[in-house]
Amino acid sequence: MTDLYQTQRAMRNMRRAAMQRGVIAILDVGTSKIACLILRFDGEARLRETEGVGPMAGQSQFRIIGAATTRSRGVRFGEIAVMNETERAIRTALQAAQKMANVRVDHVIACFSGAEPRSYGLAGAIDLEDNVVTEQDIARVLASCDVPDIGPGREVLHAQPVNFALDHRSGLGDPRGQIGHRLACDMHLLSVDASAIQNLLYCIQRCDLELAGIASSSYVSAISSLVEDEQELGAACIDMGGGATGISIFMKKHMIYADSVRMGGDHVTSDISKGLQIPMADAERIKTRHGGLFATGMDDREMIELGGDSGDWEKDRRQISRTELIGIMRPRVEEILEEARSVLDAAGFDHLPSQQIVLTGGGSQIPGLDMLAGRILGHRVRLGRPLRVQGLPQAATGAAFASAVGLCMFATHPQDEWWDFEVPADRYPARSLRRAFRWFKDNW
Amino acid sequence: MRSLIPFRLRPARPARQTWARPEPPLTRAPVRHDPAPSLWAYRMQRVMLTPYLRALLRVGLPSFAVLFACALYIADEDRRAGITAVFTDLREKFEQRPEFMVTLASVEGCSQDLADAVRARLNLNLPQSSFDLDLEAARARIEDLDAVKSAELRVRSGGVLQVLVTEREPVAIWRQAEGLTLVDETGHRVASLIERSDRADLPLIAGEGADRATPEALALLAAAGPVAPRIRGLVRMGERRWDIVLDRDQRILLPEDNPVRALERLLALDHAQDILTRDLAAVDLRIAARPTLRLTPYAMNELRRSRGLEIVETEL
């Protein structure tokens with residue numbers, strides 16, 4: 001656990017260095033595309049009401065000065081499967097973005113969607129020493145949370161304090177300075193496969209970059225596509241990516257649950273490819289141009305040229321109606337939504353006061369998805385697009401860039417995580433100078 | 001009708017058409033290559049995006065190239081000489097323009113013969129550019145003349161060099177063994193004088209170092225008042241004090257310090273008792289507490305005789 005603490009702290013320091021340099025790269029490693037944005041920090045943020053204990057990692061205004069996207073290679077289910085290919089794809093995107101921004105970036109914040117995220121709710125409580133909550137007490141209460149067995153070969157990706165309770169009062173955002181006897185906290189911990197992080201780290205190091213932060217794609221796309229009241233009252237964000245569909249639930253502006261379904265738009269494409277016996281590229285094109293989920297009488301008459309390069313006239317002159325295409329796509333999309341629904345049910349989404357569901361990601365652009373999702377998931381479904389940020393090119397404002405834009409927000413306005421708080425004094429090494437210093441500070 | 005041409009012109013036989021597959025072209029079909037940059041291309045791009053390197057390439061390299069080219073051009077001796085020649089030529093052309101030329105020197109504020117002397121002393125080969133004129137040196141040259149107290153030179157419009165000369169005014173005649181010299185109130189030489197009678201209006205001073213004490217002599221003459229018509233001259237004794245020589249060979253020996261006051265005391269005495277009209281050889285005022293009179297021998301004998309003393313006149 002201390003090990004992870006150190007790496008995450010090192011990443012925070014890297015991020016601070018990047019803020020001093022003034023530029024940082026955002027890398028969304030997805031299954032179908034790799035997006036790279038380059039941010040320029042424009043100085044300290046103006047007064048902005050903050051959630052949680054406070055902006056300990058430092059916040060900043062920003063502007064996007066470079067954006068590039070490239071077809072992803074070597075990524076399956078949101079995890080890196082072929083390292084060399086992925087490394088080349090990352091390099092392509094980074095080079096193009098650097099060229100557009102005309103600056104060199106050394107620090108990168110990355111996100112990925114796969115690697116089997118698992119959520120844990122942690123709780124801890126301590127008795128206060130002198131009835132006033134200090135920063136040190138918050139560190140102690142966070143340290144007192146009993147960490148569950150997250151299993152071998154897994155790493156903690158996010159560990160955010162979600163709620164503080166002082167005696168009988170719960171729902172405190174910032175308990176510092178308040179008076180009470182017993183401080184309790186709830187923490188949300190998200191663990192992923194360690195090997196996925198290792199692979200990503202390796203690819204990024206091969207590109208001569210330093211990793212300044214890492215996030216789960218379902219978390220960051222929810223940051224960008226959920227509006228403020230949805231985050232406050234409770235909402236779920238379903239990020240339909242290429243190879244994985246990320247699901248995250250927000251409540252009181254904190255993520256309380258995240259998971260992913262290992263199916264996405266690429267599976268729809270491969271269904272089309274298999275069903276119509278056409279190459280994947282053609283299937284992708286047909287899906288994006290003619291795809292849909294609800295067939296009407298008009299669709300029977302709309303014929304789609306399949307084309308081909310086989311030299312066989314019969315095969316190259318095939319035509320299908322749009323209804324047939326819809327018939328191929330719909331079961332797979334339904335399957336994905338059913339999976340998402342089971343995930344939401346498992347998370348107890350029914351018990352939230354507001355049950356807004358926001359669909360985002362590249363897969364959410366299928367026409368008719370909102371109606372289908374309304375039938376399967378519940379009534380309150382809307383399609384979400386990422387919020388607008390300064391300098392984002394028009395081509396990168398679509399739903400497919402929700403996680404990239406969310407990662408910008410994550411890079412510039414991170415929520416306080418566990419590692420942003422001080423290490424409690426009793427966890428220091430026994431002969432540490434800081435411990436001695438702390439003892440002096442506490443006693444005089 | 002038969003053609004006149006004895007042989008038939010046939011069109012060129014077209015190339016035999018082959019129905020076989022054409023030979024493949026020598027150049028290969030373009031291979032679709034990886035859009036990803038190679039590792040070294042990527043690193044090179046990153047290096048070129050380094051801010052310092054970019055600044056160096058954008059500013060440092062061109063300026064270095066320009067400097068290098070300039071240095072190469074300058075390195076040749078002839079070119080350097082050519083550049084300096086161009087600039088000196090320009091400068092000369094500018095200086096030689098007619099509006100800067102001085103053609104005439106006008107000397108004002110003095111007599112004709114002094115003006116001639118000043119002109120000779122100026123020694124300028126006019127016309128000359130006003131940039132080349134060294135007015136300060138010319139002024140120093142003119143002021144070297146004894147008769148010139150001060151000179152003022154200025155270049156007026158129209159190419160005139162105006163020399164304003166202030167002459168020295170002689171106030172005394174200094175007699176030396178070599179001859180007579182006119183001196184001004186500071187004792188500076190003005191000119192020589194051949195005859196004393198040429199300037200009978202000026203007082204006469206004599207003796208070694210008399211010129212340096214001219215102001216004191218003038219003060220004495222001014223204080224002399226009633227005896228002034230009788231004064232023949234002032235003699236500087238031992239370069240420290242004055243004697244006033246009156247007619248009838250009378251001398252007033254003045255002290256070194258405060259001679260004017262001593263003279264005033266004597267004049268008061270003279271006014272009361274008419275001392276200077278008596279038969280005196282000298283009045284010695286060198287010791288203020290004890291003024292001494294020296295009688296002429298005749299007056300001395302008469303004095304003794306009146307006191308009943310026998311005078312023995314000897315040949316000695």
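Please read these numbers as outputs of a predicted model, since none were measured by experiment. Letters A, B, ... mirror the listed sequences (proteins, then strands); counts begin at 1. Side-chain atoms are counted along with the backbone in the values below, which use heavy atoms only and exclude waters and symmetry mates.
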> Do A/Asp106 and A/Arg104 sit within salt-bridge range, that is, some charged N less than 4.0 Å from a carboxylate O?
Replying inline: yes

> Got a salt bridge between B/Arg189 and B/Asp211, using NZ or NE/NH1/NH2 to carboxylate O under 4.0 Å?
Replying inline: no

> Quick one: are A/Ile26 and A/Ile38 in side-chain contact, heavy atoms under 4.5 Å?
Replying inline: no

> Hey, is B/Arg212 close enough to B/Glu239 for a salt bridge, meaning N to O under 4.0 Å?
Replying inline: yes

> According to the interplanar angle, ranging from 0 to 90°, do the rings of B/Phe94 and B/Phe100 count as parallel (below 30°), tilted (30 to 60°) or perpendicular (above 60°)?
Replying inline: tilted

> Which residue out of A/Arg88, A/Lys99, A/Gln95 racks up the most heavy-atom pairs below 4.5 Å with chain B?
Replying inline: A/Gln95

> Do any of residues 48-70 of chain B come closer than 4.5 Å to chain A, heavy atom to heavy atom, and if so which ones, in number order?
Replying inline: B/Leu49, B/Thr50, B/Arg54

> Charged N to carboxylate O below 4.0 Å: is that the case for B/Glu152 and B/Arg154?
Replying inline: yes

> Shortest non-hydrogen contact from A/Ile304 to A/His290?
Replying inline: CD1-CB, 3.6 Å

>> At a 4.5 Å cut-off on heavy atoms, which part of A/Arg71 comes close to chain B: side chain, backbone, both, or neither?
In response: neither

